[in-house]
Number of protein chains: 2
Amino acid sequence: MSARRELHDVADRLHSIAIHLLRRLRKVDESSGLSGPRLSAMSVVVFGGPLTITALAAAEQVKTPTMTRLVQALEREGYLRRHSDPLDARVSRVEATPKGHKVLMDGRARRVKMLAGLLEELSPSEAKVVRESVTLLESIVAGRRTVAPLE
Amino acid sequence: MSARRELHDVADRLHSIAIHLLRRLRKVDESSGLSGPRLSAMSVVVFGGPLTITALAAAEQVKTPTMTRLVQALEREGYLRRHSDPLDARVSRVEATPKGHKVLMDGRARRVKMLAGLLEELSPSEAKVVRESVTLLESIVAGRRTVAPLE
DNA sequence: AGAAATACTTAGCAAGGCTAACCTTTCTGC
DNA sequence: GCAGAAAGGTTAGCCTTGCTAAGTATTTCT
């Protein structure tokens, strides 16, 4: 098999893995009581500190009206709260409440637990291979390298 | 770091990778002209042969009314067609048209190309590590290997 | 001071998820 | 062989989450 063809094959299978993985994760997320978009937004707020609606929308790759509504819902349910910026009355900063912090951590723990359960099926040497490749994948997927060809 | 802790760490990062990967894939899918749910349903129809609405709904893990609507839209746009079963007048079998087949294959090629583009950044030895781990991940994530890849 | 830019909200639309309720058709048990 | 249950689909109607367009309030720039 040519190197070119081999790459294509790996990409194909990686694609399949990602899809199956995400399906499983979605199922786990359901038990948190928060929808995907809400959980995801909460995650940014919890780990990204207090931030504005606009910044949050950008981080989540949605438009501001969408984020306004998400934040309103999450605020209504007590997962986060807002306080206006004393220096700029236009912006409102969003921050997680203890309840919001907890729901996110619990959900995250569930997801990680599920994945860890799957990884437990590997032998120590296999686990080592996966660990190494995770580092590599991390760098190319999350990294700021040039985005896809896609013409 | 304990083996237990290490496992947790890898799971956590794998989770993050899956999310980032999904986001990128969604972007690529947009250019096919079909939304995620429609593309996904098309994939099942193309690879799973003619099948009923109920079976399709089950494969896609949605309820039948949802699938009815998706199929109606896809039929309206010429990506698939239905013909009633001569043996059971209740069911209607769904099948991809050539146009539907093509749009799916093109979309699939785009996704794989995007992933392959990312993987190209790896050195040959790194690629080898990833390739090996893909095989491992595949076996633990996909579980039953009966269903077609790429749903 | 007045114009432009920024931060956010409101209003209204579409897609895609759901449940409940409804046909039709098929199967089952008597 | 027929009444009623079960199964396959559809329709109706609700909710969430995306979007754009348009509006308000505040800040910044000239």
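Residue numbers begin at 1 in each chain, while the letters A, B, ... track the order of the sequences.
Side-chain atoms of B:S84 never come within 3.5 Å of backbone atoms of B:S92 as a donor-acceptor pair (strictly under, hydrogens ignored). A:T68 contributes a side-chain N or O that, together with a main-chain N or O of A:T64, makes up a donor-acceptor pair within less than 3.5 Å. Of the possible polar contacts, one joining the A:K99 side chain to the A:E77 backbone as a donor-acceptor pair under 3.5 Å is found.
Counting only N and O atoms by type, the side chains of B:S133 and A:E132 include no donor and acceptor under 3.5 Å apart. Side-chain atoms of B:T135 and A:R13 include a donor-acceptor pair closer than 3.5 Å. Residues A:R93 and A:H83 bring no donor and acceptor atom of their side chains to less than 3.5 Å of each other.
When the P atom of C:dT9 is taken as reference, atom CG of A:L56 falls 11 Å away, rounded to whole Å. Whole-Å rounding puts the B:R90 CZ to C:dC27 P distance at 6 Å. In this structure, the CG atom of B:L74 is 12 Å from the P atom of C:dA15, given to the nearest Å. Taking atom CD1 on B:I53 and atom P on C:dG16, their separation rounds to 15 Å, with Å as the unit. Rounded to whole Å, atom P of C:dA15 lies 18 Å from atom CD of B:E60. Summarising the geometry, the separation between CG on B:L39 and P on C:dA15 is reported as 16 Å, rounded to the nearest angstrom.
A nucleotide of DNA chain D counts as in contact with chain A when one of its atoms lies under 4.0 Å from a heavy atom; the first and last such, 5' to 3', are D:dT16 to D:dT27.
With hydrophobic clusters built from ILVMFWY side chains whose heavy atoms lie under 4.5 angstrom apart, B:I140 does not share a cluster with A:V112.
Comparing A:R38 and B:D88 along DNA chain D, the residue whose closest nucleotide (by nearest heavy atom) sits nearer the 5' end is B:D88.
By the 4.5 Å heavy-atom criterion applied to side chains, B:L104 and B:F47 are counted as neighbours.
Of the residues B:E95, B:E75, B:Q72, the one that meets the side-chain hydrogen bond (donor to acceptor under 3.5 Å, both in side chains) test with B:R82 is B:E75.
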Taking only N/O atoms, report every protein-nucleotides 10-12 of chain C pair under 3.5 Å with atom names and distance.
from	atom 1	to	atom 2	distance (Å)
C:dT10	OP2	A:Q72	NE2	3.2

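For the pair A:T54 and C:dT6, the criterion of a side-chain N or O lying under 4.0 Å from OP1 or OP2 is not met.
B:R93 comes within 4.0 angstrom of no nucleic acid atom, judged by non-hydrogen atoms across all strands.
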